[in-house]
Q: 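Sharing a structure here in structure tokens format.
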2 protein chains.
Amino acid sequence: MRRDVFQAIADPTRREIISLIAHQSLNVNAVAGNFDVSRTAIYKHVKILTECGLIVIKKQGRERFYEAQLEKLHEISDWVEQYRQFWNARLDALENYLNETRPREKKPGKR
Amino acid sequence: MRRDVFQAIADPTRREIISLIAHQSLNVNAVAGNFDVSRTAIYKHVKILTECGLIVIKKQGRERFYEAQLEKLHEISDWVEQYRQFWNARLDALENYLNETRPREKKPGKR
DNA sequence: CTATTTTGCAACCAAAAGGTTTCATTTTAT
DNA sequence: ATAAAATGAAACCTTTTGGTTGCAAAATAG
């Protein structure tokens, strides 16, 4: 089964889980309390998140605390950033176009 | 059907399509030539990419050229960046730990 | 005009995804 | 020693995903 970070964060529930445990470690029931799906459904989402390294599980007695470990997000960041020049280029082109078609508005000063 | 950028870039084929047309506009057949799936399969991937705004289609005679429009990637960037502090914090903690446990290596200077 | 290209899309299919209920196991609390 | 709590995972179900073949329509080439 495909288990990469891109696929892991594609699901909105998993993104919410990340946002929950980023601030404090929680166990399954605590996480599940924030959603209207079953504990098992959350358990499976968390399994996917651990399998791709975004979460680690800390055992404490009969409880398992989920702890965010978000370094792997750099894969996403790196991928997106390689394209930043492309979308900036488009925005620059738009800006130039506007400057050329309305050349007499020299500055955004008071009207 | 869910049609957000997160889901769009989750598929590796779609990420490859983006990387292909980021550099030059191509039509379906040209794109499909780079993969071992059918033209229709690519057509459907591109449909998803246009539906979420990452690609625009320029009509030219009987051909349709796919053009990358990657501004929407900022949604991904924004989401990831909000967590950068978390993973940096962890890396900093690791660094501090190493510095504390090996305090006599004052500087990385010549040995 | 007719043949060829290029595209759009319906119909269909297998596998993956996301969810549920159910039950066993491990720990803790009384 | 029991009851309760927390978790792991199997079995099952429905919808979505990613892919296919086949065919019709639009535009171009000869």
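In what follows, chains are A, B, ... by sequence order, proteins preceding strands, each numbered from 1. Just so it is clear, the values below take in all heavy atoms, side chains as well, and ignore hydrogens, waters and symmetry mates.
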Q: Keeping A/R3 on the side-chain end and A/C52 on the backbone end, is there a donor-acceptor pair under 3.5 Å?
A: no

Q: Under 4.0 Å from OP1 or OP2 of D/dG18: is there any side-chain N or O of B/R14 that close?
A: yes

Q: Check this one for me: any side-chain N or O of A/Y43 less than 4.0 Å away from OP1 or OP2 of D/dA9?
A: yes

Q: For a quick test of reading the model: is some side-chain N or O of B/H45 closer than 4.0 Å to OP1 or OP2 of D/dT17?
A: no

Q: Please tell me which of the listed nucleotides, D/dG18, D/dG19, C/dT7, lies nearest to the side chain of B/V28?
A: C/dT7

Q: Looking at every heavy atom in both B/I55 and B/T50, which two are closest together, and how far apart are they?
A: O-CG2, 3.3 Å

Q: Of the nucleotides C/dA10, D/dG8, D/dA9, which one has an atom closest to the side chain of A/K47?
A: D/dA9

Q: Counting heavy atoms from C-beta on, name the nucleotide in C/dT20, C/dT7, D/dG19 closest to the side chain of A/V37.
A: C/dT20

Q: Mind checking whether B/Y83 and B/F86 have parallel, tilted or perpendicular rings, split at 30° and 60°?
A: tilted

Q: Do any side-chain nitrogens or oxygens of B/N27 fall under 4.0 Å of OP1 or OP2 in C/dT6?
A: no

Q: Could you tell me whether the phosphate oxygens of C/dG19, OP1 or OP2, come under 4.0 Å of any side-chain nitrogen or oxygen in A/S38?
A: no

Q: For A/E63 and A/K44, find the nucleotide of DNA chain D closest to each by heavy atoms; which residue's nucleotide sits nearer the 5' end?
A: A/E63

Q: Output yes when a side-chain donor or acceptor of A/Q82 lies under 3.5 Å from a complementary backbone atom of A/W79, and no otherwise.
A: yes

Q: Taking atom C1' of C/dT5 as reference, at what distance in whole Å does atom CZ of B/F65 sit?
A: 13 Å

Q: Does C/dA16 have OP1 or OP2 sitting under 4.0 Å from an N or O in the side chain of A/Q7?
A: no

Q: Does the side chain of B/N29 get closer than 4.0 angstrom to OP1 or OP2 of C/dT5 through an N or O atom?
A: no

Q: Between the main-chain N or O of A/N27 and the side-chain N or O of A/R64, is there a donor-acceptor pair closer than 3.5 Å?
A: no

Q: Between D/dA27, C/dG19, C/dT27, which one does the side chain of B/R62 approach most closely?
A: D/dA27

Q: Verify the contact: side-chain N or O of B/T40 to OP1 or OP2 of D/dT20, cut-off strictly under 4.0 Å; return yes or no.
A: no

Q: Does B/R64 place a side-chain N or O at less than 4.0 Å from the phosphate oxygens OP1/OP2 of C/dG8?
A: yes

